[in-house]
Amino acid sequence: MPIEEVCDSVSAEDDAKKGPDVPFLLEERVKEKVPWKEVLKKKVGKKCSCSSARVKALLIDSIPIIKWLPRYQFKDWIIGDAMSGLIVGILLVPQSIAYSLLAEQDPIYGLYTSFFASIIYTLLGTSRHISVGIFGVLCLLVGQVVDRELTLAGYPSDTNQTTLGNVDNSTGPICDRSCYAIMVAATLTFTAGVYQVLMGLLQVGFVSVYLSDSLLSGFATGASLTILTSQIKYLLGLHLPRVQGWGSLIKTWISLFKNLGHTNLCDLITSVLCLLVLVPTKELNDRFKAKLKAPIPFELFVVIAATLASHFGQFEETYGSNVAGNIPTGFMPPQLPNWSLIPNIAVDAFSIAIVGFAITVSLSEMFAKKHGYMVDPNQEMYAIGFCNIIPSFFRCFTTSAALTKTLVKESTGCQTQISGLVTALALLLVLLVIAPAFYSLQKCVLAVIIVVNLRGALRKFGDIPQMWRVNRLDAIIWLITMATSALVNTELGLLVGVLVSAFCVLGRTQSAQVRQLGQAGDRELFEDLASYKGLQSQAEVAVFRYEAPIYYANQALFKKSLYRNVGLDPLKEKARRRKLDKQRNQKQEGEDQKQEMDVSTNVYLLQHNSLHKLVIDCSPVLFLDTAGVNALKEVCKDYKELGVNVLLARCNTSVIDSLRRGGYYDPKKGIKDIQFHTLSDAVSYAKSLKSQNGDCDTVV
């Protein structure tokens with residue numbers, strides 16, 4: 001016998017002795033199991049330890065200004081901070097008065113709110129740029145609750161007269177409508193602040209990541225439509241009660257059309273003139289903001305001009321125009337919240353707390369990323385919480401970060417929150433000296449300021465085609481959230497947006513499909529055969545990938561998709577065999593029955609004679625739950641009965657642990673605990689296995 005043949009014979013015998021190829025294995029690290037009691041004890045000890053260093057660190061973390069103020073670069077930063085703070089303060093004067101109208105409050109309370117929020121956030125906030133104060137969406141939510149509680153207490157709507165209601169006020173004597181309105185708003189603000197501080201204590205700042213940009217944008221746009229609708233009555237000079245309940249936007253428009261005949265011509269003309277001035281001047285500010293060192297405060301100019309015109313023209317006495325009324329100077333004594341109101345407004349306060357926190361954190365993170373520093377979401381929760389709790393004792397309503405004023409701060413040279421102190425000083429000057437001068441300011445002018453500031457949110461409608469082209473799911477979330485917030489209920493819109501976002505994520509896991517993979521030449525690269533050209537499938541080995549986690553909600557879809565792509569459903573095949581067995585038992589034909597049994601057992605080989613091994617690429621499978629493990633066990637068992645080896649490749653450590661804990665690996669049943677770190681290893685191993693038609697050793 002030639003030497004070559006002897007060598008070949010010996011090599012073949014050696015290969016037969018070796019058996020299947022042994023894949024490359026990584027040695028796993030042994031994880032030390034620490035008892036949960038010890039872990040808990042360590043964490044509690046770390047949190048509750050008391051030392052001078054611990055107290056100092058806790059104080060610095062709780063009051064960030066202690067950390068950054070000693071490092072303040074006075075010469076480099078003070079001019080930018082002073083300029084930005086002064087400009088924002090000038091802009092806040094008319095806006096604070098205007099948004100008080102939206103929150104069903106007297107103008108002085110809007111000034112109080114902006115003043116206290118600017119000081120407290122300077123002490124507690126971690127963002128250098130955001131401006132915390134009055135925000136339109138929150139004012140709308142506060143105004144809806146205040147109007148509802150005023151109605152329940154028996155106060156007439158849309159009037160600030162001293163009519164008494166049936167109010168049991170434990171904090172003092174029975175007060176008029178204005179007094180009770182701010183009491184409701186302050187109690188609501190206090191409760192929302194408590195929620196936010198509690199969420200900070202529970203370290204749930206991470207929840208902001210679940211509120212996507214499309215969700216928040218849709219919610220803000222829907223709320224902006226509601227705000228716009230609520231201000232039309234002031235533009236027309238109509239005295240209409242605020243509509244409560246679902247569908248308030250549609251009901252309000254119906255009421256407006258029914259009462260158009262009662263329009264106050266003086267208010268209408270004033271509104272049109274103010275719009276003709278503010279809309280183009282705002283556009284000029286936006287267009288030339290790169291060239292302007294600071295935006296021109298046209299709103300303040302319009303307010304001053306309108307106040308003078310109303311005062312000397314006696315619009316209130318002559319034409320019956322609704323004016324801001326008396327705005328006192330100084331500060332009122334603090335008062336406690338009305339504790340008896342908390343059960344009525346607890347649910348509303350929670351939604352307001354979530355919206356305020358989400359807006360503040362999203363803006364602070366956006367500007368921190370832009371300027372290269374870090375913010376602490378949990379500390380932001382504390383900061384905005386105390387911006388609501390402390391001012392609530394001084395007759396203030398809910399605050400959060402506001403995008404428009406934040407952009408103004410950034411564009412005018414803001415470096416730190418010292419600008420917030422400058423803003424507070426500007427507002428203090430108004431509160432102590434200038435506030436009474438706005439007595440004759442028409443409310444329609446304030447409504448115009450609110451409407452003009454809605455331009456940014458309303459422009460989002462023009463972005464819908466672009467959103468649809470970029471990501472249809474995000475566009476759907478935006479549309480549903482916007483429509484629900486505007487047409488149904490503002491708070492419900494936020495909840496619906498969160499639920500739709502969650503269902504979209506779940507839907508993506510359920511719409512995932514099993515893809516058959518092919519190899520790119522001799523490279524260790526396997527990709528979808530349907531997506532790329534030039535890929536080669538493996539002889540006798542089929543490689544598939546499932547691009548989603550496998551858990552209780554999609555495990556049935558995973559099996560269905562896998563069976564469909566493989567081209568063989570084991571359950572249908574077994575049902576067909578049972579049917580043939582039943583027919584054999586009925587016929588009871590001795591030798592013919594034996595021949596038919598042979599045919600039924602080999603029917604799979606006759607139809608699928610090229611497939612004997614199945615490799616599943618598990619790299620996209622992030623996790624498995626119990627249902628997912630059981631689904632893989634069923635797939636392995638079902639295909640094993642048909643003579644097909646099933647191998648799992650590229651499993652991450654979490655999936656491997658789940659498979660082990662779930663009893664997937666069972667050497668007694670021929671399922672060995674072998675991991676394949678590459679698809680090439682799995683394919684090579686599969687090719688080295690003997691092709692069988694029946695029971696076989698299934699290796700995973």
- Message: Do Phe386 and Met381 make a side-chain contact, defined as non-hydrogen atoms from C-beta onward lying under 4.5 Å apart?
- Response: no

- Query: Tell me, do Asp376 and Tyr382 make a side-chain contact under 4.5 Å, heavy atoms counted?
  - Reply: no

- Message: Run the side chain to side chain contact (heavy atoms under 4.5 Å, CB included) test on Leu614 and Leu647 for me, step by step, so that the C-alpha distance in whole Å, both residues' side-chain angles and the decisive distance to 0.1 Å come before the verdict.
- Response: CA-CA 6 Å; Leu614 178 64; Leu647 290 80; over 6 Å; no

- Message: Restricting to ring pair (Phe, Tyr, Trp, His ring centres under 6.0 Å), what partner residues turn up for His371, sequence neighbours left out?
- Response: His129

- Does anything in residues 466-482 pair up under salt bridge (charged side-chain N to carboxylate O under 4.0 Å, His left out), and if so which pairs, sequence neighbours excluded? none

- Item | Distance-only side-chain donor-acceptor flag, Gln513 / Arg545, under 3.5 Å | no

- Message: Looking at Arg660, is its backbone amide N or carbonyl O close enough to the side chain of Tyr665 to form a donor-acceptor pair, meaning the two atoms are under 3.5 Å apart?
- Response: no

- Note on the structure: Between Leu529 and Ser537, the two heavy atoms sitting closest are CD1-CB, 4.4 Å

- For the residue pair Asp528 and Gln516, confirm or rule out a side-chain donor-acceptor distance under 3.5 Å. no

- Task: Give a yes or no answer on whether the side chain of Gln519 reaches the backbone of Arg523 with a donor-acceptor pair at less than 3.5 Å.
- Result: yes

- What do the steps show when you test Phe558 against Leu632 for side chain to side chain contact (heavy atoms under 4.5 Å, CB included), and what is the final call? CA-CA 9 Å; Phe558 158 71; Leu632 288 174; 3.8 Å; yes

- Whether over 12 other heavy atoms sit under 6.0 Å from Phe623 CZ: yes

- Minimum heavy-atom distance Lys633-Gly662, with the two atoms named: NZ-O, 3.2 Å

- Message: Please check: side-chain N/O of Thr398 versus main-chain N/O of Leu138, any donor-acceptor pairing under 3.5 Å?
- Response: no

- Task: Rounded to the nearest 0.5 Å, what's the gap from CG on Leu562 to CD1 on Ile550? Could you check?
- Result: 9.0 Å

- Message: Between Cys618 and Tyr546, is the side chain to side chain contact (heavy atoms under 4.5 Å, CB included) condition met? List the steps.
- Response: CA-CA 7 Å; Cys618 296; Tyr546 187 64; over 6 Å; no

- Item | Side-chain (Asn489) to main-chain (Ser485) donor-acceptor, under 3.5 angstrom | no

- Query: Is it true that the side chains of Gln379 and Thr126 contain a donor and an acceptor less than 3.5 Å apart?
  - Reply: no

- Glu547 (side chain) donor-acceptor with Val514 (main chain) under 3.5 angstrom: no

- Phe219 pairs by side chain to side chain contact (heavy atoms under 4.5 Å, CB included) with which of Thr484, Val137, Val496? Val137

- Query: Nearest heavy-atom pair of Ser400 and Ile359: which atoms, and what distance?
  - Reply: OG-CG2, 4.3 Å

- Task: Could you tell me whether the side chain of Thr221 reaches within less than 4.5 Å of the side chain of Ser217, counting heavy atoms only?
- Result: yes

- Note on the structure: Nearest heavy-atom contact between Ile352 and Gln196 is O-NE2, 4.5 Å

- Query: Atom NZ of Lys67 and atom CG of Leu59: how far apart are they, to the nearest 0.5 Å?
  - Reply: 12.5 Å

- Got a salt bridge between Glu641 and Lys637, using NZ or NE/NH1/NH2 to carboxylate O under 4.0 Å? yes

- Separation between CG (Leu403) and CZ (Phe135), nearest 0.5 Å, reads 8.0 Å

- From Phe676 atom CZ to Asp681 atom CG, the distance as rounded to the nearest 0.5 Å: 7.5 Å

- Message: Using side-chain heavy atoms (C-beta onward) and a distance below 4.5 Å, is Val132 in contact with Ile130?
- Response: yes

- Query: Which pair of non-hydrogen atoms, one from Leu648 and one from Cys651, has the smallest distance, and what is that distance?
  - Reply: CB-SG, 3.9 Å

- Message: Measuring only between side-chain heavy atoms, which start at C-beta, is Leu494 closer than 4.5 Å to Thr481?
- Response: no

- Separation of Ile616 CD1 from Leu517 CG (nearest 0.5 Å): 11.0 Å

- Taking the side chain as every heavy atom from C-beta outward, state whether Leu215 and Trp478 have any atom pair closer than 4.5 Å. no

- Considering only heavy atoms from C-beta outward, does the side chain of Thr360 approach that of Phe357 to under 4.5 Å? no

- Query: Can we call the ring centroids of Tyr563 and Tyr639 under 6.0 Å apart?
  - Reply: yes

- Query: For Ser214 and Ser212, does a side-chain donor sit closer than 3.5 Å to a side-chain acceptor?
  - Reply: yes

- Set of salt bridge (charged side-chain N to carboxylate O under 4.0 Å, His left out) partners for Asp657, sequence neighbours left out: Lys31

- Message: If you count heavy atoms of other groups shown closer than 6.0 angstrom to OH of Tyr195, is the number above 12?
- Response: yes

- Query: Okay, side chain of Asn652, backbone of Val621: is any donor-acceptor separation there less than 3.5 Å?
  - Reply: yes

- Item | Candidate pair Phe503 and Arg508, rule side chain to side chain contact (heavy atoms under 4.5 Å, CB included), full reasoning | CA-CA 9 Å; Phe503 281 121; Arg508 288 176 178 176; over 6 Å; no

- Task: Tell me, please, which residues at least two apart from Arg650 pass salt bridge (charged side-chain N to carboxylate O under 4.0 Å, His left out).
- Result: Asp617

- Message: To the nearest 0.5 Å, what is the distance between OG on Ser127 and CD on Gln417?
- Response: 6.0 Å

- salt bridge (charged side-chain N to carboxylate O under 4.0 Å, His left out) against Lys370, all qualifying residues, sequence neighbours excluded: Glu410

- Message: Between Arg515 and Glu527 (salt bridge meaning N to carboxylate O under 4.0 Å), is one present in this structure?
- Response: no

- Note on the structure: Shortest non-hydrogen pair, Val615 vs Val541, comes out as CG2-CG1, 3.9 Å

- Item | Over 12 foreign heavy atoms within 6.0 Å of CG, Asp213 | no

- Query: Would a distance-only check, ignoring hydrogens and angles, find a side-chain to backbone donor-acceptor pair under 3.5 Å from Asn554 to Tyr551?
  - Reply: yes

- Side chain to side chain, Tyr664 and Ser658, heavy atoms closer than 4.5 Å: no

- Between Asn645 and Tyr685: side-chain donor-acceptor atoms closer than 3.5 Å: no

- Query: Does Arg128 count as lying over the ring of Tyr373, i.e. NZ or CZ under 6.0 Å from the six-ring centre, within 45 degrees of the axis?
  - Reply: yes

- Looking at residues at least two apart in the chain, or sitting in another chain, which of them share a salt bridge (charged side-chain N to carboxylate O under 4.0 Å, His left out) with Lys559? Glu634

